[in-house]
Structure formats: structure tokens, C-alpha cells
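Letters A, B, ... are given to chains in the order of the sequence lines, protein chains preceding strands, and every chain is numbered from 1.
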Protein chains: 2
Amino acid sequence: MTGQVRTVDGRVAGRRGQATRQKLLDCLSDMLSSSPYRDVKVIDVARKAGTSPATFYQYFPDVEGAVLEIAEEMAKEGAQLTDLVAGRSWVGKSGWQAAEELVDGFLSFWRKNDAILRVIDLGAAEGDKRFYKIRMKILNAVTNSLTESIQELQGRNKVDKEVNAAAMAGSIVAMLAAVAGHQKGFQSWGVKQAELKPNLALLVHFGITGKKPTK
Amino acid sequence: MTGQVRTVDGRVAGRRGQATRQKLLDCLSDMLSSSPYRDVKVIDVARKAGTSPATFYQYFPDVEGAVLEIAEEMAKEGAQLTDLVAGRSWVGKSGWQAAEELVDGFLSFWRKNDAILRVIDLGAAEGDKRFYKIRMKILNAVTNSLTESIQELQGRNKVDKEVNAAAMAGSIVAMLAAVAGHQKGFQSWGVKQAELKPNLALLVHFGITGKKPTK
DNA sequence: TCGGTAAGCTGACGGCATGACAGGACAAGT
DNA sequence: ACTTGTCCTGTCATGCCGTCAGCTTACCGA
């Protein structure tokens with residue numbers, strides 16, 4: 001489907017063009033990490049990439065458009081998050097382990113991509129459907145797996161039927177995302193990474209199984 | 001201490017000045033609700049307030065400065081969130097009720113102020129200390145109360161000593177804030193408000209007491 | 001009533017980002 | 001060398017930013 005990268009005016013991008021395009025994306029990514037979203041200007045990105053603003057506009061309609069592109073790249077990489085949930089057992093000791101690994105994987109993924117993720121979060125919260133969609137794409141992998149896990153446990157009468165699997169899964173994922181997004185905040189508040197994780201894992205485990213974990 | 005409102009160039013604002021200032025804040029608040037943060041321009045705010053950009057700069061150093069002002073206002077109003085936690089009993093039925101009311105109060109507060117809150121969240125996530133500080137001010141009321149509640153339960157051996165009260169309280173509050181910020185998202189994802197609340201309350205209750213609630 | 005003083009507002013300006021276009025540079029094939 | 005299509009940039013009109021000098025308005029004491 002998207003086999004060909006195209007410029008704004010419809011041309012097909014070749015080798016060189018794709019390289020420039022990628023460079024622009026990388027530089028934008030850097031900028032997002034180092035300065036507030038509101039202050040990221042096309043001209044700065046272009047300068048940093050050693051090119052001109054006009055070139056930027058050849059490949060992207062605007063800054064948002066480019067951000068979405070980066071997000072799309074990241075979403076692919078984020079698909080691996082599913083492995084943190086799918087096919088895991090949530091009973092006994094392995095349940096606790098699963099919870100710990102989920103928390104761990106989530107936090108490190110977020111830490112690695114925090115700049116773009118927080119822009120996506122903003123866009124989604126502001127009601128932009130494109131951002132919302134991509135946010136779903138990243139989180140859905142985990143959310144859906146979690147929802148299924150809960151439903152499966154409900155089927156075996158291990159979890160209260162009153163629990164709405166989707167709402168619970170969504171809440172857990174939202175929590176992970178939020179905490180991950182404010183990791184630095186927690187630290188400067190006196191809570192260390194190492195202390196954060198087990199507590200999160202505890203909440204995750206309970207949310208899914210409805211029980212305290214056996215460690 | 002801050003009995004007098006001052007303009008950027010040091011003058012003391014009188015009746016009329018304060019009115020203009022407030023009008024600008026109100027208009028900015030409106031703008032934030034209706035258009036992306038990135039696109040909010042000083043000139044639009046000024047126009048909407050029936051004044052000129054120069055006037056805006058008389059009262060605020062920049063858009064961020066004005067946002068912080070709005071946030072400060074809101075923080076005062078948000079102090080009442082403490083009542084949702086302080087002096088509550090977390091055992092038995094009243095514990096479940098407390099959890100439900102906390103969730104309810106939190107969600108509605110967030111819904112009422114979502115536009116500013118999401119800007120604050122962004123600023124905090126980007127590492128801006130001023131935004132982080134105001135975010136703390138709003139959330140600390142709840143977080144501290146929760147931390148104390150947990151510690152108190154730990155003192156009575158009702159909660160596992162392994163639990164880090166601050167980390168747990170912070171996680172719970174972060175979750176509430178995140179879910180609150182994406183309420184619309186949940187809805188369009190097929191999860192209804194009414195279904196969301198009890199599941200959140202469940203997680204909150206467990207996080208604080210370490211137990212399933214008795215309803 | 002009448003200045004005097006400080007508050008309040010704005011027109012205007014240099015500076016910079018935006019976004020569009022036309023045209024020049026370049027690489028590849030013939 | 002010539003053609004073709006990709007790739008990049010100089011340039012320009014437009015619009016926002018942030019500041020200043022200067023004008024208007026309100027208040028106050030004589």
C-alpha cells in the first residue's frame with residue numbers, strides 16, 4: 001500500500017530524497033526532546049538538518065504532519081509491547097513475574113520515546129483524531145491483550161464478572177502511560193524508579209486478576 | 001504578600017487594568033479549549049478580548065506566563081480535592097464509598113478544567129519546573145492525603161509494609177489524572193463513563209488498602 | 001476647577017517564521 | 001552531450017512576535 005514515499009506535490013521520492021526526508025525526521029525528533037513542542041519551528045529543524053525550510057515543506061505539510069510520521073515509525077516498533085502480555089499466565093508466581101515484566105517493558109519503551117509520545121498524548125487529548133488513532137495503535141496492542149487476559153480469567157470464574165474487562169485494561173494502560181510520562185517527576189519527588197516498579201506491578205496484577213500476587 | 005497585581009513594567013494594576021487582565025485570561029482559557037495549544041496566538045487572544053497584542057504583553061510575559069496564571073487560579077479551586085481523601089475511613093463499606101467518591105470527584109474536576117490541565121501536563125512532562133510545580137500543587141493535596149492514609153493503614157498492620165506509600169499514592173493519582181484526561185477517548189473506544197468509574201474505584205481501593213472492597 | 005501624576009491602551013516597527021513558486025543543480029540513462 | 005525527472009533553494013508576500021514611544025483616561029490633592 002504505502003510502498004512509495006511521496007512528496008507533498010506528488011512526486012516519488014528517490015534515494016537521495018528519502019535520505020533527506022529521514023534526516024529531517026531525525027532532527028525533528030531531536031528538537032522535540034530538547035525544546036518545548038510549542039517552540040519547535042520548521043526553520044530550526046531545517047537548519048539542523050543542513051537544509052532549507054522549503055525542503056521541509058516538500059516532504060511534510062507541517063510540523064504536525066512530520067510528527068505523525070515519526071509516530072507511525074514508532075508504532076511499528078511498539079508492536080513488540082504485545083509480547084509483554086500475550087500468552088502469559090497470570091496465576092501464581094508467573095503472574096507476578098508477568099506483571100513485573102509488563103511494567104518494566106512499558107516504562108523503558110516510554111522512556112526511550114518520551115518526546116514523541118507526549119506530543120501524541122497532547123494531540124489525542126486535544127481531540128485530534130489522527131493523533132488519537134496513532135495513540136490507539138500503540139496502546140491497543142497491550143490493551144487488547146490485557147482485555148483478553150481478563151476475559152479469559154472471567155470465563156474460568158477466576159475474576160468477578162462485574163469487572164468490565166475493557167475499562168479495566170484501559171485504566172491500567174493509561175496508568176502505565178501516565179506514570180511513564182512523568183518518571184522524572186516521580187524522581188524529583190523523592191520516589192525512586194526501583195520503588196515505583198513493584199508498586200505499579202502490584203496494581204497491575206490486582207487489576208487483572210483481582211487478587212494479591214503470590215511472590 | 002501578593003496583594004497587588006503588577007504589570008510587566010512594574011505598574012500597579014487598578015480596577016480597569018485588573019478587569020482587562022482577567023478578560024484576557026478568560027479569553028485565553030476559551031482559546032485553549034477550542035484550538036490546539038500550539039496554535040494559540042497572542043493576537044487571537046487579544047482580538048477576542050477586544051484589545052491589542054501590546055496590551056497582552058503589558059500583563060503577561062508570554063502565553064506560557066498567562067497559562068500559569070490560569071493554572072494558579074485553578075489550583076486554588078482544586079484544593080477542595082483534598083476533601084475527597086482527608087479524614088475518610090478506608091475500611092469496610094465506607095472504604096468503597098470513599099473510593100467511588102474520590103474517582104467521581106477527580107473525574108469531574110478534570111472534565112471541568114481539561115484544557116488547562118492538559119497544557120500543564122505537557123509542560124510538566126517537558127521538564128518545565130514552573131509547570132511541574134503547579135501540577136504538584138494541584139495533585140499534592142490528593143497525593144499527600146493518600147500517602148498518609150496508606151501509611152496510617154501500614155501503622156495498624158493493615159497494609160503490607162513493602163508497599164511504598166508515596167509511590168503507590170503517586171501512581172494512583174497519575175492514573176486518575178491520565179484516565180480523566182482521556183475520558184473522551186475511552187468513550188469513543190466503547191467504554192462508557194458509568195463502566196469506567198467502578199473499575200477505577202476498584203483499583204484505587206486496592207491500591208490503598210491492598211484488599212478487595214466489601215460493597 | 002484645575003493641573004499633576006500614574007494607569008491604561010495602542011499604532012507602528014524591525015525581526016522572524018510561514019508557505020508557495022519558479023528555476024537551477026544534479027544524477028542516470030541514452 | 002543531451003534529455004528527463006528528481007532534488008534543492010532563493011525569493012517573496014503574508015502574518016505573528018515583542019517592544020517602545022506616545023496618546024488617552026482616571027484619580028487626587030490643592
Side-chain angles (χ1 to χ4, degrees), chain A residues 2-28 30-32 34-69 119 123 128 130, chain B residues 2-28 30-32 34-69 119 123 128 130:
Chain A
T2 44
Q4 285 188 324
V5 182
R6 289 186 167 275
T7 57
V8 167
D9 55 337
R11 277 206 300 272
V12 210
R15 242 181 269 278
R16 194 150 72 104
Q18 292 204 25
T20 311
R21 199 185 115 104
Q22 192 56 49
K23 192 165 192 179
L24 284 167
L25 286 179
D26 293 343
C27 291
L28 173 56
D30 282 359
M31 296 261 41
L32 287 176
S34 61
S35 53
Y37 180 46
R38 205 169 189 283
D39 298 341
V40 170
K41 307 289 178 195
V42 169
I43 198 168
D44 296 323
V45 178
R47 256 200 288 262
K48 197 177 166 100
T51 178
S52 81
T55 305
F56 182 94
Y57 286 107
Q58 192 141 53
Y59 294 105
F60 312 103
D62 50 22
V63 175
E64 281 194 1
V67 168
L68 282 166
E69 214 62 35
V119 175
D128 187 311
R130 299 170 302 167
Chain B
T2 44
Q4 284 188 325
V5 182
R6 289 188 167 275
T7 57
V8 167
D9 56 337
R11 279 206 300 270
V12 209
R15 242 180 267 278
R16 193 150 72 108
Q18 293 205 25
T20 310
R21 199 184 116 104
Q22 193 55 49
K23 192 165 193 179
L24 283 166
L25 286 178
D26 292 344
C27 290
L28 173 56
D30 282 0
M31 302 247 52
L32 287 175
S34 61
S35 52
Y37 180 46
R38 204 168 190 283
D39 299 340
V40 171
K41 310 287 179 194
V42 170
I43 198 170
D44 296 323
V45 178
R47 257 201 286 262
K48 198 177 163 98
T51 178
S52 80
T55 304
F56 182 95
Y57 287 105
Q58 191 143 53
Y59 295 105
F60 312 103
D62 50 22
V63 175
E64 282 193 1
V67 168
L68 281 166
E69 214 61 35
V119 176
D128 187 310
R130 299 170 302 167

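- Atom CZ of A/R16 is separated from atom P of C/dA25 by 13 Å (rounded to the nearest Å).
- Computed from coordinates, the B/I43 CD1 to C/dA17 P distance equals 17 Å when rounded to whole Å.
- Across the protein-nucleic acid pair, A/R38 atom CZ and C/dA17 atom C1' stand 14 Å apart, rounded to whole Å.
- Listed by chain and residue number, A/D44 satisfy the salt bridge (charged side-chain N to carboxylate O under 4.0 Å, His left out) test with A/R47 (two or more places apart in sequence, or in another chain).
- Boundaries of the chain A contact region on DNA chain D are D/dT6 to D/dG10, first to last in 5' to 3' order (nucleotide atom under 4.0 Å from a heavy atom).
- In terms of the salt bridge (charged side-chain N to carboxylate O under 4.0 Å, His left out) criterion, residue partners of A/R130 (sequence neighbours excluded) are, by chain and number, A/E64, A/D128.
- Remark: A/R21 engages A/E69 in a salt bridge (charged side-chain N to carboxylate O under 4.0 Å, His left out) (not counting sequence neighbours).
- Between B/A49 and B/L24, the closest heavy-atom pair is CB-CD2, 3.8 Å.
- Scored by the ring pair (Phe, Tyr, Trp, His ring centres under 6.0 Å) test, B/F60 finds B/F56 as partners (sequence neighbours excluded).
- A search for side chain to side chain contact (heavy atoms under 4.5 Å, CB included) contacts involving A/T7 returns A/D9, A/R11, A/Q58, A/Y59, not counting sequence neighbours.
- Whole-Å rounding puts the A/F60 CZ to C/dT18 P distance at 14 Å.
- Remark: A/D62 engages no residue in a salt bridge (charged side-chain N to carboxylate O under 4.0 Å, His left out) (not counting sequence neighbours).
- Atom pair A/M31:CE and C/dA17:P shows a separation of 11 Å (rounding to whole Å applied).
- The shortest distance between the side-chain N/O atoms of B/S52 and the OP1/OP2 oxygens of C/dC9 is not below 4.0 Å.
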* Structure fact -> Per-nucleotide protein contact along nucleotides 19-24 of chain C, 5' to 3', at a 4.0 Å heavy-atom cut-off (B base, S sugar-phosphate only, - neither), is BBB---
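- Rounded to whole Å, atom P of C/dG8 lies 17 Å from atom CZ of B/F56.
- Within the 4.0 Å cut-off from OP1 or OP2 of C/dC9, at least one side-chain nitrogen or oxygen of B/T20 is found.
- Heavy atoms of A/T7 sit nowhere under 4.0 angstrom from any nucleic acid atom.
- Mapping B/K41 and B/R15 onto DNA chain D by nearest heavy atom places B/K41 at the nucleotide closer to the 5' end.
- Nearest heavy-atom pair, B/L32 versus B/V40, reported as atom, atom and distance to 0.1 Å: CD2-CG2, 4.0 Å.
- For A/A46, the side chain to side chain contact (heavy atoms under 4.5 Å, CB included) partners are A/T51, A/P53, not counting sequence neighbours.
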